[in-house]
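Just follow the structure's listing: the first ligand is 1, and inside any ligand the first atom is 1.
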Amino acid sequence: MTNLRFKVVESAFQKKPLEVTAPTERPSEYFGKNVFTRAKMYKYLQPSVYNTLIDVIDNGSCLDRSIADAVAAGMKQWAEENGVTHYTHWFQPLTEGTAEKHDAFIEHDGKGGMIEEFSGKLLVQQEPDASSFPNGGIRNTFEARGYSAWDPTSPVFIMDDTLCIPTIFISYTGEALDYKAPLLRALHAVNVAATDVCHYFDEKVKKVTSNLGWEQEYFLVDEGLYGARPDLMLTGRTLMGHDSAKNQQLEDHYFGTIPDRVQAFMKELEIQALELAIPCKTRHNEVAPNQFEIAPIFEETNLAVDHNMLLMSLMKKVARKHGFRVLLHEKPFAGINGSGKHNNWSLSTDTGVLLHAPGKTAEENLRFVTFIVETLMGVYKHNGLLKASIMSATNAHRLGANEAPPAIISSFLGKQLSELLDHIEKSDKENLFNVAGKQGMKLDIPEIPELLIDNTDRNRTSPFAFTGNRFEFRAVGSEANCASAMIALNTAVAEALTEFKQRVDALIARGQETADAIIDVLREDIKACKPVRFDGNGYSEEWVEEARKRGLDCETSCPVIFDNYLTESSVRMFERMNVMTRKELEARNEVKWDTYTKRIQIEARVMGDITMNHIVPVATHYQSLLAENVQHMRQIFAPDKADKLCERNMKLIEEIGERTRLIETGVEELVNARKVANKITSEREKAIAYHDNVAPKMGTIRYQIDKLELIVADELWTLPKYRELLFIR
Ligand code: ADP
Ligand code: MG
């Protein structure tokens, strides 16, 4: 047997870091080089066209078709000067990835030749033959019509020879078939609701922006080793593999020196990302061996989501160039940390940050408290939905696994902020605020502003932690499109703010002072949302008990968690905020259940295959060698002596026989469970069957395989082991 594993291990060890030539300019100079930035718009567009386009981008005014041609011409000129020959609408279907279909600029010129052409019509809207994208039954496949429409708020960019135009993707009848369309609607909703509330404190606020700063975790694996692991290739994770004796126990990887080959990869990735105007700032080793993180400076949420999608594509490309594969799966390896994507979220006005620690004036303090409390209200009311928004077959491995947030959404505020809210709730109004004529009121906690600025207490176990000027939604999966979490969160906050304003206005209509009315409503809400506030250890058993008592969603089954999208309170919220209709929600859940089923189905099939053509043959081969040895020993030694000397081998022969038998029956049961599940027609029920009856069987088989890995001779084992996958770089 030639062992591919030995070959790839040897070659991986020999690889040297690639030489990366950095641009001669400084990062600030090549930043956005491949993006049609405002500066380039100004250069390539007529002043009137430029002004109209900026108005569309900044103020959401309607895009006039008549300027589309002029914009397209400017874009084309810039693109051609940069060697571009093709263009594509770039969108985010419900697959977690992005989609693109390239068209060349060329058209017949009517004289037997060709000309380069790119009209406004092609920029603004297209009708890709997109019948194969998941749509949950919204689109009849025979019609197969989906439209992609330009999103001018996210700038076009160049990838290789192609001009990429960020677009939304909707059906002929207007339903969203992607992440961007509902995200834009959610961002609009939160802007409207938050701006209204801001007007209680400052009439001049024109706009509220939602911000997102994501931190992307990932693993790198040498490409040769990856190629020898069919499970990694096809499912994104290892379905088998015994723990490496050393993994992350010593915590020596976290923030350690970045390995040279990885450093070269990061350097090239950052250069390309900066050229695409992705403001990469932070990079470091993560907790698990071969695990790393990259984080940019936060941006407006829609742009940040696009940039994350773009970065994930870029990572895959650059990694290959450096002889790596990047693993974005939330749990590529059992027994060590998985990867997440912390979503740092905040709101800001055109005049400043909204969730920042209190300022010096009473208005600022009260506004701060208002936005904190109403964010908590949204998170409390929709905690089940928020969990659903980050849930997937892959992220399910990570949540609740004592290394990532628990599968219960709660919020950590830190000591000072908690005390502030308790204080507002409990002390009587006369003591809390002294109304000082036109100056407004003053909070009687003068030390709060200074104290909060240094908000350094962190709770790593909290899925939604306040960190000084933002909330960090830590439960998002590394592979996910951030839009899913951002749609749920921004819509929930929009709804909370809308309801807050209605109640305050009602009190004002009854003759109450504005500030007084705000405080009354806030006190109610501080009481109401209390169950979602939790500053303790989110990993503990007691918390699960406690959370259940508090009425928080404690469901752990992924397909059942998706039900949260279709509860009355979710549907009402999405419809009222104009983000998604019941029909859209139902269709999207069909996709979620279907995707869940398929991912487990693929894993189960891969597991069956590897078992039958790698594991069992290798183990049996070793067993035969042992049996031969026993026979030889019997020829050499007297029976008594031979038996004694062969004791260990006899035991191993038996153990291998027993384990392979268990593996084979396990695979048989796995196949049968799949067959039963496949007959179910309801997507929801099918996904539940896969969760309850198929997935657990893989764990049982894996257990036996991992035991075999320990006893079969190392030179016969064909699959790269954890110690190789995790430590070779
Ligand atoms: P840590 O690992 O300590 O959480 P990082 O520096 O890795 O912090 O990442 C913090 C992320 O939060 C960055 O993307 C940063 O830009 C982002 N961030 C900082 N302030 C805000 C804010 N007000 N709103 C949204 N994101 C923010
Ligand atoms: Mg971090």
Chemist: Hey, could you give me each pair passing salt bridge (charged side-chain N to carboxylate O under 4.0 Å, His left out) that has a residue in residues 297-308? Not counting sequence neighbours.
Modeler: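 Every pair satisfying salt bridge (charged side-chain N to carboxylate O under 4.0 Å, His left out) with a residue in residues 297-308: Lys180-Asp306.
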Chemist: Evaluate whether atom NZ of Lys501 has more than 12 neighbouring non-hydrogen atoms of other residues, nucleotides or ligands under 6.0 angstrom away.
Modeler: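 Yes, because the 6.0 Å sphere around NZ of Lys501 holds more than 12 heavy atoms from other groups.
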Chemist: Backbone or side chain, does any N or O of Asn344 fall under 3.5 Å from an N or O of ligand 1?
Modeler: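 By distance alone, the answer is yes.
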Chemist: Residue-level breakdown please: for His342 versus ligand 1, do any non-hydrogen atoms fall below 4.0 Å on the side chain, on the backbone, on both, or on neither?
Modeler: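 It is neither; nothing of His342 touches ligand 1.
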Chemist: For Arg283, is there an ion pair with Glu270 - N to carboxylate O distance below 4.0 angstrom?
Modeler: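 Yes, this pair counts.
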Chemist: Under 3.5 Å between some N or O of ligand 1 and some N or O of Phe298?
Modeler: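 Yes: some nitrogen or oxygen of Phe298 is under 3.5 Å from one in ligand 1.
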Chemist: Donor-acceptor pair, distance only, cut-off 3.5 Å: does the side chain of Ser392 make one with the backbone of Asn395?
Modeler: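 Answer holds: yes.
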Chemist: Would you mind running through ligand 1 and noting each atom that sits below 4.0 Å from a heavy atom of Pro296?
Modeler: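 Checking each atom against Pro296, I get 13 (C), 14 (O), 16 (O).
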Chemist: Could you tell me which atoms of ligand 1, counted from 1 in the order shown, lie closer than 4.0 angstrom to a heavy atom of Glu472?
Modeler: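 With Glu472 as reference, the close atoms of ligand 1 come out as 4 (O).
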Chemist: Measure the distances from the heavy atoms of His284 to every atom of ligand 1 and state whether one is below 4.0 angstrom.
Modeler: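 Contact check His284 vs ligand 1: negative.
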Chemist: Identify, by atom number and element, the atoms of ligand 1 in contact range of Ile297, meaning under 4.0 Å from any of its heavy atoms.
Modeler: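 So the answer, numbered in order with elements, is 16 (O).
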Chemist: Look at Asp422 together with Arg533 and state whether they make a salt bridge at an N to O cut-off of under 4.0 Å.
Modeler: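 So Asp422 pairs with Arg533 through a salt bridge.
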Chemist: Would you mind running through ligand 1 and noting each atom that sits below 4.0 Å from a heavy atom of Glu293?
Modeler: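 This gives 7 (O) as the contact atoms.
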Chemist: Tell me whether the count of non-hydrogen atoms from other residues, nucleotides or ligands lying under 6.0 Å of CZ in Arg576 goes above 12.
Modeler: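 Yes, enclosed.
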Chemist: Within ligand 1, which atoms have a heavy atom of Asn469 less than 4.0 Å away?
Modeler: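 The atoms of ligand 1 under 4.0 Å from a heavy atom of Asn469 are 20 (N), 23 (N).
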Chemist: Mind checking whether Glu215 has a heavy atom under 4.0 Å from ligand 1?
Modeler: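 Yes, Glu215 has heavy atoms under 4.0 Å from ligand 1.
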Chemist: Going by side-chain hydrogen bond (donor to acceptor under 3.5 Å, both in side chains), name the residues that satisfy it together with Lys281, two or more places apart in sequence or in a different chain.
Modeler: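 Partners of Lys281 by the side-chain hydrogen bond (donor to acceptor under 3.5 Å, both in side chains) criterion come out as none, since no residue qualifies.
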